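What follows is a short report on a single structure.
Lettering follows sequence order; numbering is per chain, from 1. Everything numeric here is computed off the predicted structure, so don't read it as measured data.
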Amino acid sequence: MGRVSGGGKKIERARQQLEKAIARGRLDDAIDAALSIPTPERKGLPVALTRMVAAAIDAAHGKQNRGAILSLWDRVGKEPAFLPPDPEAQARLRFIALTANLSAGRWPEVKRVWPSVEPWLAESGLAAAIRAYVEAEGEVLEATLAPFALESTRLGHEPKRRRRDYAPPTSMDDVEEACLTVYALEPHARFREVLEAFLAGAREPLASGIRATAIRLSHRDLVLASREPGSSGLEVARFVAGLAKNLDSACEHVATIELCLRAVARATATSAGPISDRKVAEAIATVFEASAGDATPMELIEALACRLRFAGAAREAGLAVYRAAVRIAKTAEVVLCVSDALAAHAREESGLYDPAPDFLVAAASELLERAPESIVEALRRREPQAAEELFTVWLVTLPVELALRALEVLPPLGDRAFCTLAAAAADRLTLSLREATEPSPASTIDRLREVLAMHDPFTATLPDAYFEQFARHPTGAALLREIEALTSSSGDLSDVIASSWATAFDPLLPYHPGLLDTRLELGVKPRERTNLARRFLAERPTLLARVEVLYECVQRALDHAERLLKSHLLDGLVPTRKDAASAFQFLDRLGAPLALRRTVAEALVLAPADPSGTDADVAWALREARRLLTKRPRKRKAEGSSPAKKKQRVKKAEQLDLLDRVEKP
Amino acid sequence: MSDLCPYLVLELAPTRDLGVIKRAYFKALKKHPPHVDPDAFRRIRAAYERLSRQDERAYLYLTATIHPDVELRDFEARFGERLAQIQAELLGEARREELTARFLATVTWARFEDLKRSADAANRGDPCVSSLAR
């Protein structure tokens with residue numbers, strides 16, 4: 001046995017590595033080992049290796065992995081020893097490699113492999129097309145490719161689309177052509193993307209030129225979107241509005257901005273509830289902001305803004321929409337509607353009215369100065385109930401001084417119905433202020449407990465129920481008022497109302513018993529009381545109207561107003577028999593207190609008979625009134641005669657004793 | 001009745017001009033006098049009343065169907081010709097690119113066995129062959 005040379009050793013080692021790699025199924029290592037064997041020695045590579053190569057190429061083809069086919073073919077394609085000995089199997093692998101190289105445009109390799117594949121496809125149409133394609137290096141007629149292009153869809157082989165790159169314009173002369181080229185070839189979404197890339201790298205005045213051209217071109221898409229069912233074109237509108245916002249000459253594009261507003265109207269017309277999609281709200285905000293800079297008719301913004309409501313994630317962007325709307329259309333309609341919408345949002349979230357944002361306060365203030373009559377008109381266009389609700393919401397969300405100013409300025413501009421509406425709103429404003437400044441019941445009890453405990457630590461241990469009961473008792477209530485006067489901020493309401501009363505509330509006073517009650521509560525001199533009663537009752541020239549308002553006072557526990565009106569019920573009034581009978585029937589139906597019914601019964605009996613005669617209702621009322629007046633009133637029982645009264649008296653004495661202990665520790 | 005677009009009822013292009021709306025209303029009345037066609041009159045009257053209210057008119061104007069020919073007149077005048085030219089030039093190129101990409105997709109992922117079998121079938125004159133072979 002002769003000595004093995006150095007080269008022979010190397011080959012031997014390579015063969016060993018090859019066998020090991022094949023055994024382990026490592027194709028790359030096996031190919032490396034095989035390639036380290038010199039070409040003349042490579043003949044007779046193990047069949048297992050050729051099988052592995054064929055299987056790997058097949059697998060890559062099955063997975064449509066062109067990169068894997070090409071990299072494997074680059075290593076084994078030029079060495080026939082790596083390919084299976086069977087000619088058909090060989091042709092099959094060469095075909096796979098050919099097509100991969102063809103689609104990668106690797107023409108030299110395509111031309112090298114093609115002759116060994118062609119005979120296998122000799123008579124097919126595809127072979128003819130490939131042959132034409134290979135020979136012309138891709139420059140073939142469309143007619144040759146067309147049948148196979150259709151076939152790709154049928155076979156589910158969709159080619160990857162190549163994104164075109166567009167060169168941005170470099171001068172003003174290029175702008176239109178560059179934008180038009182993108183516009184001609186791309187859908188609007190891609191057009192927006194490319195134009196935004198153009199703008200990112202452009203300086204003025206080039207950027208303005210691109211913006212203006214993009215707006216002009218997008219005009220067409222807005223028109224087409226308006227004709228397409230189910231498409232609002234809001235994204236196009238947002239893009240256009242975003243461009244117009246940054247353009248000095250935006251007024252040139254009024255017609256396009258109007259189309260953007262149409263897109264907003266279409267996008268929101270179909271949704272039944274409020275807008276909750278943040279992106280939609282942001283798009284609307286952008287369109288509104290763009291409208292602010294040009295000559296967009298205010299009524300279009302007004303028409304949209306008054307119909308828009310936002311919810312959930314869209315609320316913040318919704319606020320931007322309202323801000324823009326108020327900036328453009330500072331009309332009563334917009335200001336009132338936006339107040340209403342924001343109040344509704346706040347009410348849904350917290351159950352309370354939030355103060356109006358600054359932009360709305362500023363707009364309201366300006367409107368009150370500039371065109372107060374427009375607010376009256378806007379409210380009069382609505383149903384009375386809706387108008388009262390809207391006016392109240394507006395007043396309650398405004399700063400107090402501005403709300404009082406509105407109540408001072410607006411009623412003289414309206415009629416009696418408007419004054420009634422304003423008085424009701426003023427009353428609810430008073431209640432709202434009272435609620436805002438009054439301490440909560442819990443803190444009332446705590447404060448009562450604290451004060452009493454200062455003098456007698458024992459009281460601190462008594463249960464809440466005791467203090468609640470004590471606070472309801474006249475003595476406890478008086479003590480509480482003193483405590484509040486000294487410690488709480490509840491004086492704010494009195495101060496605010498008392499100082500503004502003469503100007504703001506006084507003219508409205510005859511229109512609402514709640515206002516009369518508040519006025520009396522704040523303190524009125526005896527002579528003034530009579531005047532107030534007369535002014536109030538002069539607005540109610542029938543006994544029925546007076547009795548109705550009196551009943552409202554009872555219902556709403558307006559004690560001050562009730563007492564005053566009761567004592568002046570017939571002042572300056574001689575009711576007709578019919579009127580008195582209606583009032584009597586009204587009280588009778590409600591089971592009103594006897595004293596009040598007697599007063600009205602007296603008026604009925606004394607009322608002059610109607611010349612037209614007496615109908616059945618009046619006759620019945622007259623009969624009942626006479627019966628009531630001739631009935632002897634029941635005698636009141638002496639004080640303390642019943643066990644219940646006695647018990648009440650003992651309890652009161654106990655509470656007075658407690659108060660005495662507080663005053664004289 | 002209220003869901004009919006008032007502009008369509010009055011046969012009017014969307015406008016906010018009350019004078020134009022009024023003229024269209026009287027024209028429609030002449031066409032459909034109340035004593036001849038009371039139903040049409042009611043529709044016309046309802047449409048006119050809706051368009052007479054300023055806030056509703058503005059909103060109806062925004063939601064009314066517009067006429068593309070009118071709206072695109074300026075666009076066509078300015079860009080129409082050049083746009084058609086670019087599309088003719090570049091879309092031809094784009095179409096060719098698309099065809100090539102589809103041809104290569106067909107060729108690259110075609111199975112050798114199918115092509116060969118199809119070729120054999122074509123040789124035998126089998127009518128049920130893929131269009132690849134034909």
Side-chain angles (χ1 to χ4, degrees), chain A residues 61 64 66 91-92 95-96 99-100 102-103 120-127 129-130 133 138 142 145-153 155 157-162 180-181 183-185 216-217 219-220 223-224 226-227 255 259 261-262 264-266 269 297 299-300 302-304 306-307 333, chain B residues 14 16 53-68 70-72 74-76 78-79 82-87 89-113 115-116 118-120 122-123 129-134:
Chain A
H61 187 250
Q64 301 197 354
R66 195 180 69 182
R92 194 170 156 282
F95 174 76
I96 292 171
T99 56
L102 197 68
S103 66
W120 293 92
L121 312 168
E123 294 300 318
S124 77
L126 181 62
I130 295 173
Y133 196 81
E142 279 180 25
L145 306 176
F148 307 101
L150 293 173
E151 197 70 10
S152 79
T153 308
L155 296 172
H157 301 317
E158 283 299 319
K160 279 183 189 165
R161 300 201 181 278
R162 189 168 67 87
L180 205 55
T181 304
Y183 185 80
L185 295 176
R216 285 186 200 111
L217 291 170
H219 183 97
R220 179 168 170 264
V223 173
L224 297 179
S226 76
R227 303 284 299 177
L259 285 174
L261 292 174
R262 284 181 185 281
V264 170
R266 266 195 316 283
E299 67 254 35
L300 298 185
E302 188 179 286
L304 283 176
C306 292
R307 286 170 170 82
E333 199 64 43
Chain B
R16 295 195 310 279
R53 290 192 287 271
Q54 188 197 302
D55 62 329
E56 206 169 349
R57 180 167 66 244
Y59 190 70
L60 287 167
Y61 173 77
L62 286 175
T63 49
T65 309
I66 54 173
H67 298 284
V70 179
E71 289 290 331
L72 292 176
D74 289 346
F75 181 94
E76 287 300 332
R78 179 158 187 172
F79 301 114
R82 183 71 192 114
L83 193 63
Q85 209 177 356
I86 293 175
Q87 279 177 336
E89 281 169 21
L90 297 177
L91 283 184
E93 194 183 300
R95 183 181 143 74
R96 189 186 161 73
E97 273 181 21
E98 173 81 12
L99 282 177
T100 307
R102 285 186 173 278
F103 166 73
L104 290 175
T106 305
V107 168
T108 308
W109 308 121
R111 290 176 64 215
F112 176 74
E113 289 79 5
L115 284 169
K116 187 179 162 290
S118 301
D120 292 344
N123 289 341
V129 292
S130 157
S131 63
L132 283 173
R134 285 196 295 271

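- Contact of B:Gln54 with chain A is made through the side chain alone, with heavy-atom distances under 4.5 Å.
- Side-chain contact between A:Tyr133 and B:Phe103 is present, with heavy atoms from C-beta onward closer than 4.5 Å.
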What do the steps show when you test B:Thr108 against A:Leu102 for side-chain contact (heavy atoms from CB on, under 4.5 Å), and what is the final call? CA-CA 8 Å; B:Thr108 308; A:Leu102 197 68; 6.0 Å; no
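- With a threshold of 4.5 angstrom between heavy atoms, B:Arg53 does not approach chain A through any atom at all.
- Residue contact with chain B, scored on non-hydrogen atoms closer than 4.5 Å, involves the side chain of A:Ser226 exclusively.
- Scored by the salt bridge (Lys or Arg N to Asp or Glu O under 4.0 Å) test, A:Arg66 finds no partners at all (sequence neighbours excluded).
- Both the backbone and the side chain of B:Tyr59 come within less than 4.5 Å of a heavy atom in chain A.
- For B:Thr65, the part lying near chain A is the side chain, with the backbone staying farther off; criterion is any non-hydrogen pair under 4.5 Å.
- No donor-acceptor pair closer than 3.5 Å links the side chain of B:His67 to the backbone N or O of B:Pro14.
- Residue A:Ile96: no heavy atom, backbone or side chain, is found under 4.5 Å from chain B.
- Among the candidates A:Ala91, A:Ala100, A:Cys306, the residue making the largest number of heavy-atom pairs closer than 4.5 Å to chain B is A:Ala91.
- Expressed to the nearest 0.5 Å, how far CG of B:Leu83 lies from CD of B:Glu76 amounts to 8.0 Å.
- Evaluation of the ring pair (Phe, Tyr, Trp, His ring centres under 6.0 Å) rule for A:His61 yields B:Trp109 as partners, not counting sequence neighbours.
- Only the side chain of B:Leu72 comes within less than 4.5 Å of a heavy atom of chain A; its backbone N, CA, C and O stay farther away.
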